[in-house]
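Only one structure is covered here, and it is reproduced in the block below.
Per chain, numbering begins at 1; letters A, B, ... match sequence-line order.
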Number of protein chains: 2
Amino acid sequence: MEKVTMADVAKVAGVSKSTVSQYLNKRYEYMGEKTKLKIEEAIEELGYQPNFIARSLKQKRTSMVGIIVANITHFFSTEISRAIEDFCHTHDLHAIFCNADDDPEKEKNYIEMLRAKQVDGLIIFPTGQNNDLYKKMMSQGYPVVFVDRKVENLDVFSVITDNAYATSMAVQHVIEKGHRNIAFVVQPLKVSPRIDRLAGYKKALTDAGIEINSDYIIEASIPDMKNKLEQLFSLEVKPTALFAANDRVFMAVGEFLKEKGIKLGKELELIVFDNIPFSHLLDSPISFIEQPAAEMGKKAAELLFQQINKEDTPPEVFVFPSRIV
Amino acid sequence: MEKVTMADVAKVAGVSKSTVSQYLNKRYEYMGEKTKLKIEEAIEELGYQPNFIARSLKQKRTSMVGIIVANITHFFSTEISRAIEDFCHTHDLHAIFCNADDDPEKEKNYIEMLRAKQVDGLIIFPTGQNNDLYKKMMSQGYPVVFVDRKVENLDVFSVITDNAYATSMAVQHVIEKGHRNIAFVVQPLKVSPRIDRLAGYKKALTDAGIEINSDYIIEASIPDMKNKLEQLFSLEVKPTALFAANDRVFMAVGEFLKEKGIKLGKELELIVFDNIPFSHLLDSPISFIEQPAAEMGKKAAELLFQQINKEDTPPEVFVFPSRIV
DNA sequence: AGGTTTAGATAAATCGGTTTACTAAATCGG
DNA sequence: CCGATTTAGTAAACCGATTTATCTAAACCT
């Protein structure tokens with residue numbers, strides 16, 4: 001395979017390892033022109049490629065950051081990831097993405113493996129179920145930023161959206177259009193955005209003096225969703241509007257409606273909380289709440305970068321506004 | 001921060017570093033029960049986490065593989081990535097994803113940095129513009145698998161779809177429906193799938209005895225596409241069917257049609273080559289050619305795994321069938 | 001008893017760089 | 001011309017593990 005090491009280069013160039021190292025690190029302060037050239041040539045001749053692993057071991061710094069995404073096929077996540085990547089690229093950091101699949105076990109696994117790999121910091125879309133581990137990292141002063149979801153009782157940099165507010169505004173909007181029977185469909189309330197969105201929904205109804213009807217609130221996992229929707233739409237008073245709390249819910253609802261032949265717009269008004277790639281191509285009149293994924297990703301990366309470079313500021317939660325489209 | 005090393009554990013447990021190492025690597029062959037326990041306790045007490053970097057340096061093996069994706073926001077890519085990730089996860093490999101943005105410079109950059117990081121192998125969606133570098137890797141016997149695109153004159157494991165065949169079948173299908181004026185829209189013909197799809201389109205027309213009209217073939221970058229489409233739809237004989245060579249093209253075309261108020265189905269038949277997340281929710285009658293992303297990703301990962309484990313088989317190209325939906 | 005196994009553990013070399021402390025030669029001011 | 005300073009380069013320690021060759025003490029065998 002390949003085994004050219006710094007020692008080989010040194011030998012060929014007729015200098016010491018140290019000098020080659022200086023050269024590679026561009027410490028030219030005290031270095032003769034001829035030496036520089038000789039090293040350059042030797043590197044060229046041997047096709048030498050430095051070994052990052054060795055360097056990292058000594059420097060205790062890998063220039064890598066880990067990103068643990070809850071679901072890599074979720075469009076919002078890839079948008080954020082993309083932004084993080086861009087930032088890292090311009091700051092000489094390398095991003096490693098992992099997919100935790102919303103599974104706390106996997107999340108734990110990845111956190112541990114990334115730390116074992118000595119990544120310089122972590123950006124996490126937390127499952128929220130690994131509190132001890134989170135706390136341990138905080139107390140060790142390890143650089144971490146949480147994205148998309150907040151975790152209670154934890155002093156950590158976070159980047160989220162105003163889930164409750166945006167939802168409440170959107171629902172209020174629908175109420176103003178004359179709707180009274182508004183359904184809210186959500187996956188199990190395990191993470192903060194879902195909880196906050198439900199809270200926003202309830203607030204909007206309450207503010208408008210509409211009673212909250214628990215029949216209209218569906219909390220189910222994706223496989224169970226169809227059944228629950230079946231129930232919802234066999235109520236004697238059917239909903240005239242429906243709020244899908246995220247894109248997966250939207251997909252499930254969309255499939256269901258298509259199957260049942262329920263027409264959007266006339267029979268049912270639909271609001272979706274999430275960025276959807278082809279949303280503007282859909283001709284149905286669906287409202288979307290879009291989160292500023294790019295800005296959020298950039299911010300998260302910035303916050304991590306600051307921590308890695310020991311700019312000591314107390315953890316803060318950054319809330320970005322979502323907008324209704 | 002954190003600085004517990006194996007030496008610390010050894011000291012606390014009252015044994016030598018070597019023994020601790022054996023323990024961690026589960027070489028229990030010659031190890032007393034009491035020693036095992038002492039080490040276990042010491043690790044627990046100190047909260048010791050092994051340093052992967054150090055291990056990798058010695059073992060010359062990082063258990064990491066790099067995946068260089070052409071475009072991370074491309075749904076097809078994330079589906080493949082997901083499958084690769086799954087495979088790696090079950091085989092104790094860790095996947096690092098990078099986004100080359102279809103930029104040969106970035107691609108080169110990432111290849112070099114991943115190799116410097118000593119990843120055990122690479123799965124690449126190649127830009128096709130770094131032939132020297134590809135060749136170098138091949139000649140060094142470095143484990144590599146190409147995905148989605150093939151590169152000429154290069155003996156390398158590849159996983160692709162039958163682009164020409166699938167396109168040709170789809171176009172044939174449209175011809176059977178009675179269409180004669182079929183447009184083909186594609187981004188610059190820089191990578192093999194685009195070229196092959198165009199070839200498939202031409203073949204279907206020729207086979208059906210339809211003359212190829214170059215006015216109906218649009219090759220443009222996404223920003224230029226709108227203008228070109230404008231031209232296409234101001235021809236005196238407008239196309240009645242349109243083949244979008246991938247999802248980006250589809251988006252551009254979709255936007256254009258929406259703007260112009262051109263109705264799909266009646267005025268224009270649309271065929272798209274690519275997996276689209278919400279395709280089944282669109283009520284317009286669009287045909288999609290879907291590639292078996294999950295299988296392809298798995299296969300690619302398998303091929304890489306085999307190479308890493310030195311199972312010597314000559315490079316092969318695996319062609320997966322796409323299906324029309 | 002004396003020699004051979006064998007179980008259990010270890011010292012030391014190694015991986016490929018970085019970094020520190022040190023030396024030798026060249027330059028300089030007076 | 002001498003001592004001080006600057007310039008150029010090096011030897012050796014180090015980072016935190018793995019691995020090999022070695023060692024010891026007890027068990028085993030005639």
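Whole-Å rounding puts the B:Glu33 CD to C:dG8 C1' distance at 13 Å. Between the CD1 atom of B:Ile53 and the C1' atom of D:dC14 there is a distance of 16 Å, given to the nearest Å. Distance NZ (A:Lys58) to P (D:dA17): 15 Å, rounded to an integer number of Å. Atom CD in B:Gln22 sits roughly 10 Å away from atom C1' in C:dG8 (whole-Å rounding). What separates NZ of B:Lys36 from C1' of C:dA7 is a distance of 13 Å, to the nearest Å. Rounded to an integer number of Å, the gap from B:Asn25 CG to D:dA17 P is 11 Å. For B:Gln118 and C:dG17, the CD to C1' distance is 11 Å, given to the nearest whole Å. Distance, B:Lys38 NZ to C:dT10 P: 8 Å, rounded to whole Å.
Residue A:Ser16 places no side-chain N or O under 4.0 Å from the OP1 or OP2 atom of D:dA11. The phosphate of D:dT18 has OP1 or OP2 within less than 4.0 Å of a side-chain N or O from B:Ser21.
B:Lys17 contributes a side-chain N or O that forms a donor-acceptor pair with the base of D:dA17 under 3.5 Å.
If you check the side chains of A:Ser16 and A:Thr19, you find a donor sitting under 3.5 Å from an acceptor.
B:Val15 comes within contact range of the sugar-phosphate backbone alone, with a heavy-atom separation under 4.0 Å but no base atom that close. Nucleic acid contact for B:Tyr48: sugar-phosphate only, since backbone atoms but no base atoms lie under 4.0 Å from a heavy atom of the residue. Counting any heavy atom pair closer than 4.0 Å across all strands shown, A:Thr5 reaches sugar-phosphate atoms only and no base atom. A:Thr35 comes within 4.0 angstrom of the backbone, heavy atoms only, and of no base. Among the protein residues, B:Met6 comes within range of the nucleic acid bases, having at least one heavy atom under 4.0 Å from a base atom.
Here the side chains of A:Val20 and A:Val15 are in contact, with some heavy-atom distance below 4.5 Å. You'll find the side chain of A:Glu311 stays beyond 4.5 Å of the side chain of A:Phe305, heavy atoms only. Counting only heavy atoms from C-beta outward, the side chains of B:Phe87 and B:Leu304 never approach each other to under 4.5 Å.
Shown here, C:dC28 forms a base pair with D:dG3; the pair counts as Watson-Crick or G-U wobble because both key distances fall under 3.5 Å. The partner of D:dA13, taking Watson-Crick or G-U wobble pairs whose two distances both stay under 3.5 Å, is C:dT18.
Ranked by how close their nearest DNA chain D nucleotide is to the 5' end, B:Leu57 and B:Ser18 are led by B:Leu57. Toward the 5′ end of DNA chain C lies the nearest nucleotide of B:Gly14, the other residue of the pair B:Gly14 and A:Phe52 mapping further downstream.
Checked against C:dA11, C:dC15, D:dA13, the side chain of B:Lys60 finds its nearest nucleotide in C:dC15.
Minimum interatomic distance between A:Val319 and A:Thr161 (heavy atoms only, all atoms of both residues): CG1-C, 3.9 Å.
In this structure a side-chain-to-backbone donor-acceptor pair under 3.5 Å is present from B:Ser158 to B:Val156.
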